[in-house]
Undergrad: 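Below are the structure tokens for one structure; questions will follow.
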Amino acid sequence: METSGLDLEQAALAQRDNLTTLQSHILAGERQHPGATGTFSWILSALSLSAKVISAKIRRARLMDVLGSVDNVNVQGERQQKLDVIANETLLRCLGKRTGVAIVASEENEEPLILRTSPGPDQRYCVLFDPLDGSSNLDTCGGVGTIFSILQHDPSVAPERSVLQPGARQVAAGYILYGSSTVFVFTAGAGVSMFVLDPSIGAFLKVADDVRIPASGKTYSLNEGNRPTFPAGYQRYLEYAQQNGYSSRYAGAMVADVHRILLQGGVFLYPPTKKAPDGKLRLMYEANPMAMIVEQAGGKAIAGKERILDLAPQTLHQRTSVVMGSPDEVAHVLRFL
Ligand code: AHM
Ligand code: MG
């Protein structure tokens, strides 16, 4: 007998007897910490709300005529897309209402934004983010994402120092992929959970707990157009990969590329290039949060020979090279560096 689409949908729904929303997952996490004030959960709920708003805006962007760029360039010297601006403002608005956030820092703003100066017991966190990663994909309906990193605020140092902590000190990190579905991937340091937005009910529903990255996978993801200017070790690695049956997959948005690697295995690389000798990706709100996710899922994340999460940041918008993914694949790359 032929199986209809309806049969498949009903069978899938019947299996989902335990519908856990992101919200209930966050509250369950809070209950595991006696004495928790709810401040941290409240911040995560702001991120979840931002993700829903940004997702809705991206899905309607062509209809609302908010594709394309605005006239200004951001602090990175890159032309801002209209949706970069909209996503940044959405996050600032949602997080700005949460008293637990002392400082926010965004790829789109030159300086960290100090939300609250008067010291209060509640103002315990810094939230760093890239509001819309890979935004040049927007005009062609490609995948884009939001990346965030949460650090404990240190009120004893100047605010601009408080955000400059190594990635190993992140309290939580995550990303939202706006792809063929909207996916929220998150860790608070005890494994990685994954949620998918069900637009019919406006909630993120849990689809996986304790996501584990495959130990290996014959896929590499990098901008091969830059190959002639990669340091020799990376070029040798590519020769090895190509002689050993690897596939190449590159969406041009770190969130989309790392998400594939997280689920299917392989390695994502953004090596130093002639144009970007220190690497292109930003340490504080791209490399660190993605590295925490990958490590929490059992993977590895390095810059040159160093662990990304151990790098000591000097500036907010500092760049780094990146190699992250399946532990065996990162080890292969490392052999050539
Ligand atoms: P963005 O944050 O300004 O969008 O830039 C970061 C993006 C990453 O998502 C992606 O991995 C990389 O830039 C792509 O760069 P390239 O076009 O050089 O391959
Ligand atoms: Mg980015």
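All ligand and atom numbering here is 1-based and tracks the order in the structure. All figures in this text were calculated on a predicted structure; none of them were measured in a lab.
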Undergrad: Within a distance under 4.0 Å of any heavy atom of S135, pick out the atoms of ligand 1 and give their elements.
TA: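 Listed by number with element, the hits are 4 (O).
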Undergrad: With a cut-off of under 6.0 Å to the ring centre and 45° to the axis, is R98 in cation-pi contact with Y125?
TA: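 No, cation not above the ring by the 6.0 Å, 45° rule.
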Undergrad: Output the list of atoms in ligand 1 that are nearer than 4.0 Å to some heavy atom of M254, sorted by atom number.
TA: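 Atoms satisfying the 4.0 Å criterion: 8 (C), 9 (O), 10 (C), 11 (O).
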Undergrad: Heavy-atom contacts under 4.0 Å between L281 and ligand 1: side chain, backbone, both, or neither?
TA: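 For L281, the contact with ligand 1 is made by the side chain alone.
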Undergrad: What atoms of ligand 1 come closer than 4.0 angstrom to any heavy atom of E107?
TA: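 Within the 4.0 Å cut-off of E107, ligand 1 contributes 1 (P), 2 (O), 3 (O).
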Undergrad: Who gets closest to atom 15 (O) of ligand 1 by heavy atom: M290, E286, K280?
TA: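 Going through M290, E286, K280 one by one, K280 has the nearest heavy atom to atom 15 (O) of ligand 1.
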Undergrad: Please say whether G134 places an N or O atom under 3.5 Å from an N or O atom belonging to ligand 1.
TA: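 Between G134 and ligand 1, an N or O pair is found under 3.5 Å apart.
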Undergrad: Using heavy atoms and a threshold below 4.0 Å, how should the contact between D130 and ligand 1 be classified: side chain, backbone, both, or neither?
TA: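 The answer is the side chain.
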Undergrad: Near R282, which atoms of ligand 1 are under 4.0 Å from a heavy atom of that residue?
TA: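 The atoms of ligand 1 under 4.0 Å from a heavy atom of R282 are 1 (P), 2 (O), 3 (O), 5 (O), 6 (C).
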Undergrad: With atoms numbered from 1 as shown, which atoms in ligand 1 lie under 4.0 angstrom from a non-hydrogen atom of Y270?
TA: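 Ligand 1 atoms under the 4.0 Å threshold to Y270: 15 (O), 16 (P), 18 (O), 19 (O).
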Undergrad: Under 4.0 Å from a heavy atom of A253: which atoms of ligand 1 are those, numbered in the order shown and with their elements?
TA: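 Numbered from 1, ligand 1 contributes 9 (O).
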Undergrad: So if I count the atoms of ligand 1 from 1 in the order they appear, which ones are less than 4.0 Å from some heavy atom of N223?
TA: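 Selected atoms, number and element: 16 (P), 18 (O), 19 (O).
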